[in-house]
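First up is the structure itself, then whatever we jot down about it.
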Amino acid sequence: MENTNTASSSQEARVSILDQIPLPNSLLTSSISSTNTIPVTLRINNIEHKLQLDPCVTLLDALREYIGLTGTKKGCDHGQCGACTVLVDGHRINSCLALAASYDGEEITTIEGLAQGDDLHPIQAAFIEHDGFQCGYCTSGQIMSAVGMLKEGHADTDDDIREQMSGNICRCGAYLNIVAAIREVVGNGLQRM
Ligand code: FES
Ligand code: FES
């Protein structure tokens with residue numbers, strides 16, 4: 001009984017101390033309102049999207065929550081897993097670490113923009129052929145990262161592929177098949193697409 005009371009009063013003390021810590025304006029809910037939005041134009045898969053966004057909105061959230069392109073996945077939201085990988089002007093980035101407003105006017109490619117109609121990108125086709133996935137949650141990030149890596153032109157060996165793809169985590173452990181899929185495309189001489 002005594003212990004419970006002690007825990008309860010220390011909890012109350014903690015709460016009242018927290019109540020007294022002044023929050024910076026940027027963390028107050030009232031400051032994150034639609035009145036603080038700015039116009040942002042995102043060019044995604046050759047389509048222009050004119051948005052009104054809070055400057056703090058990440059590119060990942062803009063894609064998923066504002067534009068409805070949910071193929072790009074949110075895994076860690078901290079730049080650790082690669083599930084959110086997209087291409088900006090052909091270069092791969094983690095969209096969870098990017099502010100959407102910083103990419104105004106740049107050419108962004110997501111997994112939805114990779115195929116040409118019914119023609120899959122060679123990396124997409126190779127992932128299917130080699131079963132380069134299980135649950136599929138990491139797959140769009142893996143594929144976008146592989147496309148970016150091939151353009152970089154440093155994937156000559158399996159070790160290169162593993163090293164260059166090390167920012168993309170697969171919780172299902174489909175790595176062997178992912179490397180096999182990428183190796184096939186590299187072997188077909190499609191390093192630079
Ligand atoms: S969600 Fe962006 S790196 Fe994990
Ligand atoms: S296929 Fe499940 S996390 Fe990669």
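Every number for a ligand or one of its atoms is a count from 1 in the order of the listing. Quantities reported herein were computed from a predicted structural model and do not represent experimental measurements. One-based numbering along the sequence shown.
When each atom of ligand 1 is checked for a heavy atom of G79 under 4.0 Å away, the hits are 3 (S). With ligand atoms numbered from 1 in the order given, ligand 1 contributes 1 (S), 3 (S), 4 (Fe) to contacts under 4.0 Å with heavy atoms of C76. In summary, the atoms of ligand 1 found under 4.0 Å from a heavy atom of C81, numbered by their order in the structure, are 1 (S), 3 (S), 4 (Fe). Those atoms of ligand 2 that come under 4.0 Å of a heavy atom in G136, given as number and element, are 1 (S), 2 (Fe). Listed by number with element, the atoms of ligand 1 under 4.0 angstrom from any heavy atom of Q80 are 3 (S). Those atoms of ligand 1 that come under 4.0 Å of a heavy atom in C84, given as number and element, are 1 (S), 2 (Fe), 3 (S). Annotation for ligand 1: atoms under 4.0 Å from non-hydrogen atoms of D77 are 1 (S), 4 (Fe).
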(message) Show, in sequence, the C-alpha distance, side-chain angles and deciding distance for C170 and Q142, and conclude whether the side-chain contact (heavy atoms from CB on, under 4.5 Å) test is met.
(response) CA-CA 8 Å; C170 176; Q142 300 276 2; 3.7 Å; yes

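Residue, atom and distance of the protein heavy atom nearest to atom 1 (S) of ligand 2 are Q134 N, 3.1 Å. Atom 3 (S) of ligand 2 has R171 N, 3.2 Å as its closest protein atom, hydrogens excluded (heavy atom only).
Taking 2.8 Å as the criterion, C96 counts as a coordinating residue of atom 2 (Fe) of ligand 1, since one of its N, O or S atoms falls below it. Not a single N, O or S atom of H78, from either the backbone or the side chain, sits less than 2.8 Å from atom 2 (Fe) of ligand 1. Metal site remark for atom 4 (Fe) of ligand 2: C135 contributes no N, O or S atom at a distance under 2.8 Å.
The shortest separation from a heavy atom of A174 to ligand 2 is not under 4.0 Å, leaving the residue out of contact.
Remark: the backbone N or O of G132 is not paired with any side-chain donor or acceptor of H130 at under 3.5 angstrom. Looking at D61, its side chain never comes within 3.5 Å of a backbone N or O of V57 through a donor-acceptor pair. Side-chain N or O atoms of N168 include none that pairs as donor or acceptor with a backbone N or O of S145 at under 3.5 Å.
Checked by atom type, the side-chain pair Q164/H154 shows no donor-acceptor distance below 3.5 Å. In this model, no donor atom of one side chain and acceptor atom of the other lie less than 3.5 Å apart for T109 and N45.
Interatomic distance, CD of E107 versus CG of L42, reported as 11.0 Å (0.5 Å rounding). Here SG of C84 is found 12.5 Å from NZ of K73. Values are rounded to the nearest 0.5 Å.
With C172, C138, G173, G75 as candidates, the residue nearest to atom 2 (Fe) of ligand 2 on a non-hydrogen basis is C172.
Under a cut-off of 6.0 angstrom, the local environment of CD1 in I128 is crowded, with over 12 non-hydrogen atoms contributed by other residues, nucleotides or ligands.
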